[in-house]
4 protein chains.
Amino acid sequence: MARTTDGDGTPVPQRLLAAATRLFAEQGYDRTSVQEIVEAAGVTKGALYHYFGSKEDLLQEVYARVLRLQQERLDDFADSDAPVDERLRSAAADVVVTTIENLDDASIFFRSMHHLSPEKNKQVRSERRRYHERFRALVEEGQRAGVFSSATPADLVVDYHFGSVHHLSTWYRPDGPLTPQQVADHLADLLLRALRP
Amino acid sequence: MARTTDGDGTPVPQRLLAAATRLFAEQGYDRTSVQEIVEAAGVTKGALYHYFGSKEDLLQEVYARVLRLQQERLDDFADSDAPVDERLRSAAADVVVTTIENLDDASIFFRSMHHLSPEKNKQVRSERRRYHERFRALVEEGQRAGVFSSATPADLVVDYHFGSVHHLSTWYRPDGPLTPQQVADHLADLLLRALRP
Amino acid sequence: MARTTDGDGTPVPQRLLAAATRLFAEQGYDRTSVQEIVEAAGVTKGALYHYFGSKEDLLQEVYARVLRLQQERLDDFADSDAPVDERLRSAAADVVVTTIENLDDASIFFRSMHHLSPEKNKQVRSERRRYHERFRALVEEGQRAGVFSSATPADLVVDYHFGSVHHLSTWYRPDGPLTPQQVADHLADLLLRALRP
Amino acid sequence: MARTTDGDGTPVPQRLLAAATRLFAEQGYDRTSVQEIVEAAGVTKGALYHYFGSKEDLLQEVYARVLRLQQERLDDFADSDAPVDERLRSAAADVVVTTIENLDDASIFFRSMHHLSPEKNKQVRSERRRYHERFRALVEEGQRAGVFSSATPADLVVDYHFGSVHHLSTWYRPDGPLTPQQVADHLADLLLRALRP
DNA sequence: AATGAATGAGCATTCATTCAT
DNA sequence: TATGAATGAATGCTCATTCAT
């Protein structure tokens with residue numbers, strides 16, 4: 001067993017990433033000090049700077065992990081061979097459920113992205129765009145097939161839906177009346193109903 | 001009168017509020033220093049603290065002004081005697097247009113609200129709720145009248161729409177292909193289409 | 001009735017002096033802001049600076065009033081035609097009683113004197129010295145008459161007694177077991193007993 | 001080891017403590033800025049806050065060191081097997097000598113203690129009380145043995161003496177006519193004479 | 001006699017980052 | 001691989017004092 005793990009066996013970089021994610025979500029990026037992160041992870045500052053070049057690098061890693069996960073799930077749904085309306089409904093509902101299950105990640109996304117330096121911001125945005133375009137392609141496919149109304153530009157439809165997804169971290173409470181799946185079904189339903197020809 | 005205004009004739013508190021609004025939107029609350037604000041407003045720190053108790057008070061004032069304006073507009077639309085679907089469509093489109101026209105305020109709202117202390121946060125949230133409830137009442141009125149589908153709880157419908165409004169500050173660019181009014185019409189249309197029985 | 005009094009009829013300068021005395025004693029000179037003083041006195045800053053040149057002037061006035069009172073009392077006792085031991089005992093006990101009755105003044109004296117500028121400090125010290133010398137003269141008179149032991153220099157005897165007087169503000173509590181008069185009698189007794197030949 | 005010391009080989013925390021002690025005594029706690037302290041110690045602010053949590057912590061450390069030293073000396077004298085009047089005389093004289101030798105510490109004690117937060121103040125006071133009680137026990141022992149008069153409560157006797165000790169920082173000057181030891185002998189003598197039956 | 005807006009210098013504290021070990 | 005002492009610049013805020021009215 002290498003030195004990079006501690007009592008609990010989790011490697012140091014992952015412990016740092018987990019601690020940072022939780023703290024960034026709870027307090028915001030600027031209000032979380034490097035000292036707090038290393039204390040929560042049970043290591044020292046030197047260790048953090050051994051694995052990450054800066055506090056900002058840590059934030060970017062949090063983003064990278066989330067983006068990778070979301071893109072994988074979207075690709076899976078979009079690549080299935082179900083009818084396009086079912087594929088869109090599944091993907092639209094899934095992003096709601098996984099966002100609720102990782103509300104910390106979502107909070108960080110919509111509140112801390114502007115804390116990245118221009119270059120890193122650009123990189124994250126381009127990965128976001130890839131995600132957005134995959135989703136938009138589904139909408140356009142349905143519009144071309146006449147399954148969805150073409151009254152609204154597909155881009156706007158996607159932003160309409162993702163607006164509500166981002167908004168989840170503002171109002172969703174685990175102890176509220178609806179389960180994540182129920183919320184997801186309702187929101188996907190609203191999207192599909194809005195797209196009825 | 002001479003003392004409370006400067007070269008441009010605008011009272012000092014309003015100059016400070018305007019400068020703070022712009023800077024909070026551009027850089028975020030934590031990244032904007034009091035020094036930057038007073039320099040942008042052309043006054044000294046002492047003057048700022050003469051009118052505002054703290055940097056946080058300044059942020060709260062920004063919120064208070066926006067909330068007041070939005071509530072007034074919503075009340076006007078909701079109180080008209082047009083049919084309920086027209087009233088909802090007008091209100092839904094209007095909030096989009098005014099949000100786009102004041103994107104700075106919107107950015108601050110969705111990125112900096114968590115920087116308020118618990119008490120102030122509570123106060124702002126309760127005013128937000130009042131706004132939300134007025135909007136929800138419109139949806140419920142239409143559902144009771146059978147004009148709108150009751151498939152989705154009215155609360156969720158409202159959050160669906162406001163998610164897309166908040167999201168505007170993330171993607172809307174003045175030099176994009178759509179005018180504010182066009183965006184507003186499309187988004188209001190999506191809402192009304194989703195509510196078709 | 002002039003403008004210098006308010007609802008309660010007390011002239012503004014005296015109200016300021018009383019407020020300052022209380023606040024300086026409670027919080028210390030440096031920790032008391034001019035704003036607090038004027039609020040406690042129910043006037044504005046402009047009024048304070050109309051009557052007093054500076055915050056420091058206010059402190060000096062507090063001193064001046066106390067010194068005047070104490071000197072008057074000491075002179076009365078020292079000038080009586082009782083035997084010297086009785087005169088010393090009376091004066092020694094009286095300064096204890098009046099110090100306890102004005103513990104605020106005493107606290108200020110022993111904690112804030114070093115906040116005066118060199119010139120003002122010098123002036124206060126010279127008035128203190130006059131007081132000290134009058135007291136010392138009583139001791140010396142008794143020593144010359146053989147009523148008091150000459151084993152200790154009179155200066156040191158006076159400092160010994162006044163040390164205990166200054167110390168009162170550290171330990172005396174109105175709700176303690178001894179009345180001011182009892183404390184005074186005990187301390188004067190200790191002084192006289194120490195001076196027995 | 002190289003890092004924790006500088007040119008003169010004294011560890012940084014001790015250098016800071018020494019500089020703070022001198023400056024607090026000369027100018028008072030509130031009038032001494034953290035900047036002055038670190039400049040006097042030849043380090044930066046960051047270094048100070050690496051070792052001490054706050055300016056107040058620094059003050060408390062000054063107290064803690066003095067209290068420890070004084071308690072040790074008192075215990076040594078009180079535990080000897082000389083007659084009780086000799087033990088009291090030695091202890092009473094010793095506290096005078098060591099106070100004069102550390103007049104800075106004494107000044108801080110009697111002028112800055114009220115600058116501590118309530119909790120820290122309480123802690124320091126309780127250690128003071130332990131010291132006071134050890135001294136009082138000596139007086140009571142002599143009173144029970146009939147060596148000292150019981151006319152005055154022992155508590156008051158202790159406060160009488162310590163008043164004069166505190167007062168030293170007000171009037172004692174190294175270039176005065178009396179050596180520290182002479183002052184100590186006189187003050188101890190006054191105490192013992194006052195206690196004669 | 002009194003106001004209160006405005007100043008400007010100063011304050012204690014925080015923090016991401018570096019680097020000798 | 002990891003430590004932790006040290007840096008140095010920045011931050012929000014306070015306050016005695018001034019002065020046009």
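Every chain is numbered from 1 and lettered A, B, ... according to where its sequence line falls, protein lines coming before strand lines.
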Quiz item: By side-chain contact (heavy atoms from CB on, under 4.5 Å), which residues pair with A/Thr44, not counting sequence neighbours?
Solution: A/Ala47

Quiz item: When every nucleotide of nucleotides 8-15 of chain E is labelled 5' to 3' by its protein contacts under 4.0 Å (heavy atoms), B for base, S for sugar-phosphate only, - for none, what sequence of letters results?
Solution: B-BSBBB-

Self-check item: For atom CG of A/Leu48 and atom C1' of E/dC19, their distance in whole Å
Solution: 16 Å

List, one per line, each side-chain donor-acceptor pair under 3.5 Å for residues 62-70 of chain B, sequence neighbours excluded.
| residue | atom | partner | partner atom | Å |
| --- | --- | --- | --- | --- |
| B/Tyr63 | OH | B/Ile108 | O | 3.4 |
| B/Tyr63 | OH | B/Ser112 | O | 3.3 |
| B/Tyr63 | OH | B/Met113 | N | 2.8 |

Quiz prompt | Reported CG-to-CG distance for the pair A/Leu16 and A/Leu48, which is rounded to 0.5 angstrom | solution = 5.0 Å

Exercise. Name all residues meeting the side-chain contact (heavy atoms from CB on, under 4.5 Å) criterion together with D/Lys45; count only those two or more places apart in sequence or in a different chain, and write none if there are none.
Key: D/Val34, D/Gln35, D/Val38

Exercise. Stems involving DNA chain E: give each as a range paired with a range, ordered by first number, where a stem means at least three consecutive Watson-Crick or G-U wobble pairs under 3.5 Å.
Key: E:2-21 with F:2-21

Self-check item: Partner residues of A/Phe24 under the ring-ring contact (aromatic ring centres under 6.0 Å, His included) criterion, sequence neighbours left out
Solution: A/Tyr29

Quiz item: With A/Tyr49, which residues qualify under ring-ring contact (aromatic ring centres under 6.0 Å, His included), at least two apart?
Solution: none

Quiz prompt | Listed partners of C/Glu36 passing side-chain contact (heavy atoms from CB on, under 4.5 Å), at least two apart | solution = C/Leu23, C/Gln27, C/Thr32, C/Ser33

Self-check item: Interatomic distance where CZ belongs to B/Phe24 and P belongs to F/dG12 [whole Å]
Solution: 9 Å

Exercise. Mind checking ring-ring contact (aromatic ring centres under 6.0 Å, His included) for A/Phe52 and listing every partner two or more places apart, or none if nothing turns up?
Key: none

